[in-house]
Amino acid sequence: MKRTIGIIGGGQLGLMIAEQAHILGARCIALDPAPDAPAFAVCDEHIVAAFDDANALEELCRRSDVVTYEFENVPSGLLVGLERKYNIKQGFRPLFDSQDRLREKENARANGLRTVRYAAADDEASLRRAIEEIGVPCVVKTRTLGYDGHGQAVVRDTGDIAKAADLLPAPLIVEEFIAFDYEASAVAVADDKRAICFPVGRNIHKDGILDLCIVPCDDAATGERIARESCDFMRRCGYRGILAIEYFVRDGEIYFNEMAPRPHNSGHYTIEGCSTNQFRELCRYLLDMPLEEPRLLAPTVMKNILGCDLEAAERIAAQHLPDVHVHIYGKTVCKPLRKMGHITFTATAAERYRNEWADKFVR
Ligand code: AMP
């Protein structure tokens, strides 16, 4: 009988997990509060419910053989209870460790990764002390629930402290501002036997949102080091399943920024760019199948398509070009800065992308 993967979250990550699960012969059921969640179009069943609805989460678990999450802010307290009764194969711990930026960085350091300097703050007095300790420029972030640059303020001089204090009363972390050479991320998957890591690319953000992922990154030795250290980190932590880690790279040194125990936007290029992809390897892990070592097939560029570029992406899709793979997530509400899809340009190095494609997009 076919096995069923339960997915907490029905966004584009859930959609792509379900596509790969089907290729491996499994069924999927997703839970999401939005009745028009993208993954519902592909999943075999779905549940419309809030992420903190204990009964609905339990129903998802009951109807699944194995459960995963694509949404990071599931209350981990709820998962702890469910983990005892059901097969939530990655467990709650990597999720718990990633849900608070302070805990996340402490954990990264304790398990062999370097971070920038940081200090915690929870009121105006401790914020001022933390900024003094770290020095300016620094970045003040909310410890929980931040994403794509939301809940952050850069403090360049004392005049900016009031702007950072607006983030209170949320608990905060103050980080040294790093003038990085570039950002990179690793997507690793581990089971009891081995850990694999996808080839590491260079990430380019615009307005705090990932814009391009260029693979491989210019500096092969750093890419390999990031991959190796990410696998070692997973082993040390005892994590299983999938883990994405974002790093800053400066002068050949790598600094952990944040992690997420789910497929990652920077790993979308793997669908066509590698011999196996992040969604399929997660499914292999969930379905107790042996992991496959990924191989980059050719230089690849992934471009995120936000609402402002949806029409351009649709025009490109209509041309059915070789080496141009357009993914549109089918979201019913389009906003200028909402992720609506992505395009993977295979057999395309950064220069070719810049010459042939960059000017086709507004953003
Ligand atoms: P995050 O939510 O931590 O991924 O931050 C969003 C973006 O802000 C990152 O991709 C960086 O471009 C930038 N950023 C975050 N933290 C720092 C930092 N400590 N120094 C410099 N830039 C940062």
Side-chain angles (χ1 to χ4, degrees), residues 11 13 71-73 94-95 97-109 113-121 127 130-157 160-161 163-164 166-167 170-187 200-215 217-218 222 226 230 233 243-269 302-304 306 337-339 342 363:
L13 301 177
F71 174 78
E72 273 162 272
N73 294 309
L95 195 66
D97 290 345
S98 71
Q99 281 175 336
D100 178 321
R101 289 183 188 274
L102 182 66
R103 188 161 61 220
E104 181 180 55
K105 286 199 167 61
E106 306 276 1
N107 179 60
R109 288 168 84 105
L113 296 178
R114 181 186 294 257
T115 68
V116 295
R117 290 181 304 115
Y118 57 83
L127 177 62
I131 292 173
E132 194 158 311
E133 179 191 331
I134 300 302
V136 290
C138 60
V139 188
V140 181
K141 303 179 181 176
T142 53
R143 280 171 49 182
T144 59
L145 302 177
Y147 68 99
D148 286 346
H150 293 268
Q152 298 192 14
V154 177
V155 174
R156 297 190 186 278
D157 55 48
D160 291 335
I161 296 181
K163 189 179 60 182
D166 285 346
L167 297 170
L172 304 177
I173 182 168
V174 178
E175 295 177 12
E176 170 191 356
F177 181 95
I178 177 167
F180 49 76
D181 300 328
Y182 62 94
E183 295 181 77
S185 47
V187 177
V200 172
R202 170 187 183 136
N203 297 338
I204 299 177
H205 292 78
K206 271 191 191 160
D207 312 315
I209 306 173
L210 184 68
D211 181 40
L212 295 175
C213 185
I214 298 168
V215 198
C217 60
D218 325 346
T222 303
I226 287 174
S230 300
F233 173 71
L243 185 76
I245 308 181
E246 294 182 34
Y247 295 90
F248 299 129
V249 181
R250 186 181 60 187
D251 297 335
E253 190 49 83
I254 65 175
Y255 300 85
F256 170 100
N257 177 37
E258 60 180 1
M259 67 178 199
R262 54 157 174 78
H264 195 257
N265 194 168
S266 65
H268 293 359
Y269 88 87
M302 190 283 306
K303 160 83 181 164
N304 257 346
L306 308 190
L337 292 184
R338 188 170 191 209
K339 289 177 190 169
H342 71 267
R363 190 167 173 277

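Just so you know, ligand 1 is whichever comes first in the structure, and atom 1 is the first atom listed for that ligand.
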Next item on the list: Please report the closest heavy-atom contact between Asp97 and Met259, naming both atoms and the distance.
Entry: CB-CE, 3.7 Å

Notebook entry, point to check: Minimum heavy-atom separation for Asp181 to Asp251, with atom names?
Noted result: OD2-N, 2.7 Å

Note to self: Is atom 13 (C) of ligand 1 near the protein, in the sense that some protein heavy atom lies at less than 4.0 Å from it?
What the structure shows: no

Checklist line | Under-4.0 Å heavy-atom contact between protein and atom 17 (C) of ligand 1 | finding: yes

What is the nearest protein non-hydrogen atom to [atom], stated with its residue, atom name and distance?
| atom | value |
| --- | --- |
| atom 4 (O) of ligand 1 | Glu258 OE2, 2.8 Å |
| atom 22 (N) of ligand 1 | Phe180 CE2, 3.6 Å |
| atom 23 (C) of ligand 1 | Phe248 CZ, 3.7 Å |
| atom 10 (O) of ligand 1 | Glu183 OE1, 2.6 Å |
| atom 19 (N) of ligand 1 | Glu176 O, 2.9 Å |

Next item on the list: Taking the side chain as every heavy atom from C-beta outward, state whether Asn257 and Glu175 have any atom pair closer than 4.5 Å.
Entry: yes

Check: Once you round to the nearest 0.5 Å, how far does CG of Leu172 lie from CG of Leu127?
Finding: 6.0 Å

Give the atoms of ligand 1, by number and element, whose distance to some non-hydrogen atom of [X] is under 4.0 Å.
| X | answer |
| --- | --- |
| Gln152 | 1 (P), 2 (O), 3 (O), 5 (O), 6 (C), 8 (O) |
| Val139 | 17 (C), 18 (C), 19 (N), 20 (N) |
| Glu246 | 4 (O) |

Notebook entry, point to check: Nearest non-hydrogen atom to atom 21 (C) of ligand 1 belongs to which of Val174, Thr142, Ile178, Asn257?
Noted result: Ile178

Check: Just going by heavy-atom distances, which of Arg101, Lys141, Glu175 is nearest to atom 15 (C) of ligand 1?
Finding: Lys141

Counting only N and O atoms by type, is there a donor-acceptor contact under 3.5 Å from the side chain of [X] to the main-chain atoms of [Y]?
| X | Y | value |
| --- | --- | --- |
| Glu72 | Leu95 | no |
| Arg156 | Val136 | no |
| Glu246 | Glu183 | no |

Check: In terms of the angle between their ring planes, are Phe256 and Tyr247 parallel, tilted or perpendicular, with boundaries placed at 30° and 60°?
Finding: perpendicular

